[in-house]
Amino acid sequence: MAVLKVKFTKTRRGKLAQILWILNWVSVLTGLIIFSLGLFLKIEIKKRSELMESGNMHTVPNMLIAVGVIACVINFFGGKICYDCSDANKFVRWKLFMLPYIICTFFFTFCVFAGAIMCYTTRNELESALYRGLKDALKNYKDTDIPGRCFLKSTIDLLQIEFHCCGNNGFRDWFEIQWISARYLDMGSKEVVDRFKSNVDGKYLLDGVPFSCCNPNSPRPCIQYQITNNTAHYNYDYLTEELNIWIRGCREALLEYYDDLMQSIGLTVLLIWLFELSVLTGVRYLQTAMENVLILGDPESESDGWLLENSCVETAKHNIQIIKNLGKVNQINTVSGKSDPNMDIPTADYGPDNVPPGSIPCDS
């Protein structure tokens, strides 16, 4: 029994073909949207790639870009097919092509759905990449004279200013690293030397943060040095007073930014997937209705259209059987005792190779 069978008159078939022709061109535009979203996401990740650990962060944007390109191509041809399917005579040349086209489009819509889901499932991977990347970037903040690292100071400063953040997890991360280059420290100063000797790692550590951590909205001048020393500042208690530096860590800020971005993209792609699925459903109805017109032999008659010719269970069994048969095509059945007809061919009892030497006449 056919699944979701619908009757189509000639007029309804023509209107369905026209609507699908328009929707396929709309789908070309949605393909361009997916491509643009993937390209935008790739650029946004690339802009801050030095703050992320190298990994598979480009998998999602690359997939969206590929899906967008494929969507444009498939729906372009789909528009042409649907336009010709309004006429039974023109449908004949597309008849053999329709089913493979629908199957390919079905797998394509699955890829669109997978791309949407991936936008929602990359948070943990993104968080891990940001944590390790920012940790390494902060350590190299001071290396402004080393090729390959000289840009990190400005990158981190601009990041902290733009996203209103400080450090990796928070401003205290700056207390654990030497973020001032030795070239800007007076090594003849006893205070500087004592700071180097104050820790086992031999680093110049202090309870201070770079200027980019300062909150310009604070009415008090920025306190970026001796942050935890209450006696160093008048009327100041860092435990009770709200600090005038950014409290939130940059990992949390970037994670929130990329998470919101990916969720918005994921929602858009998911809506496009539902739209593509509806177009595919319409194309399937048009294909089955037009094939039944050819079977009836009367272009003016009514015809049935359906999603599946048989029930879901029967269709699944049929497809599984096809797959099993394909696996047996190149196998030789030896279980039944049949041998290869080209093997063990008995040789004849006559012929040049079987004549005894004595029976061969000799020339005198």
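Heavy-atom basis, side chains included; hydrogens, waters and symmetry copies ignored.
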*asked:* Quiz question: by atom type and distance under 3.5 Å, do the side chains of Arg284 and Thr288 form a donor-acceptor pair?
replied: no
*asked:* Using the rule given for side chain to side chain contact (heavy atoms under 4.5 Å, CB included), can you reason through Ile265 versus Leu261, listing the C-alpha separation, both sets of side-chain angles and the distance that settles it, and then say yes or no?
replied: CA-CA 6 Å; Ile265 293 175; Leu261 181 61; 4.1 Å; yes
*Side-chain heavy-atom pair Ile103, Phe107 within 4.5 angstrom cut-off*: yes
*Does the pair Trp174 and Cys213 meet the rule for a side chain to side chain contact (heavy atoms under 4.5 Å, CB included), with working shown?*
CA-CA 10 Å; Trp174 291 107; Cys213 285; 3.7 Å; yes
*Is the backbone of Cys119 close enough, under 3.5 Å, to the side chain of Gln263 for a donor and an acceptor to pair up by distance?*
no
*Answer whether the closest heavy-atom distance between the side chains of Gln18 and Ile22 falls below 4.5 Å.*
no
_Between CG on residue Leu64 and NZ on residue Lys42, distance to nearest 0.5 Å_ = 11.0 Å
_By the side chain to side chain donor-acceptor pair (under 3.5 Å) test, which pairs, at least two apart or in different chains, include something from residues 99-124?_
Arg123-Asp259
*Does the separation of the ring centres of Phe76 and Trp25 fall below 6.0 angstrom?*
yes
*If only atom types and distance count, is the side chain of Gln224 paired as donor or acceptor with the main-chain N or O of Gly208 below 3.5 Å?*
no
*Check whether any side-chain heavy atom of Glu276 sits under 4.5 Å from a side-chain heavy atom of Asn75, and report yes or no.*
yes
*asked:* As a quick check of understanding, evaluate side chain to side chain contact (heavy atoms under 4.5 Å, CB included) for Leu41 and Met262, giving each step before the final call.
replied: CA-CA 8 Å; Leu41 181 59; Met262 285 192 172; 4.1 Å; yes
*To the nearest 0.5 Å, what is the distance between OH (Tyr257) and SG (Cys165)?*
13.5 Å
*Judged by modelled atom types alone, do Asn229 and Tyr236 share a side-chain donor-acceptor pair under 3.5 Å?*
no
_What verdict does the side chain to side chain contact (heavy atoms under 4.5 Å, CB included) test give for Ile34 and Trp273, after you've listed the backbone C-alpha separation in whole Å, the side-chain angles of each residue and the deciding distance to 0.1 Å?_
CA-CA 10 Å; Ile34 295 177; Trp273 170 72; over 6 Å; no
*What's the spacing between Phe110 CZ and Leu277 CG if we round to 0.5 Å?*
12.5 Å
_What's the separation between atom CE in Met57 and atom CG in Leu130, rounded to the nearest 0.5 Å?_
7.0 Å
*Taking only residues two or more places apart in sequence, or in another chain, which ones meet Cys104 in a disulfide bond (SG atoms under 2.5 Å apart)?*
none
*asked:* Among Tyr184, Phe175, Phe196, which residue satisfies the ring pair (Phe, Tyr, Trp, His ring centres under 6.0 Å) criterion with Tyr204?
replied: Phe196
*Verify, without hydrogens or angle tests, whether Asp237 (side chain) and Asn230 (backbone) share a donor-acceptor contact under 3.5 angstrom.*
no
_Spacing of CG belonging to Leu23 relative to SG belonging to Cys82, to within rounding of 0.5 Å_ = 8.5 Å
*Got a donor-acceptor contact below 3.5 angstrom from the His233 side chain to the Gln226 backbone?*
yes
*Residue pairs, two or more places apart or on separate chains, that pass salt bridge (Lys or Arg N to Asp or Glu O under 4.0 Å) and touch residues 159-185*: Arg48-Glu162, Asp145-Arg183
*Any side-chain heavy-atom pair from Asn169 and Leu134 closer than 4.5 angstrom?*
no
*Is Leu205 close to Arg195 at the side-chain level, that is, under 4.5 Å between some pair of heavy atoms?*
no
*Below 2.5 Å, is that where the SG pair of Cys250 and Cys166 sits?*
no
*So, do Phe77 and Ile74 sit near enough that their side-chain heavy atoms are less than 4.5 Å apart?*
no
*If the plane angle is over 60° it's perpendicular, under 30° parallel, otherwise tilted; pick one for Trp179 and Tyr225.*
parallel
*Please examine the side chains of Tyr258 and Ile45, heavy atoms only from C-beta on, and report whether any two atoms are closer than 4.5 Å.*
yes
_Side chain to side chain, Asp143 and Leu152, heavy atoms closer than 4.5 Å_ = no
*Once you round to the nearest 0.5 Å, how far does NZ of Lys47 lie from CG of Leu159?*
11.0 Å
*Could you walk me through whether Cys214 and Cys222 pass disulfide bond (SG atoms under 2.5 Å apart), step by step?*
CA-CA 6 Å; Cys214 295; Cys222 184; 1.9 Å; yes
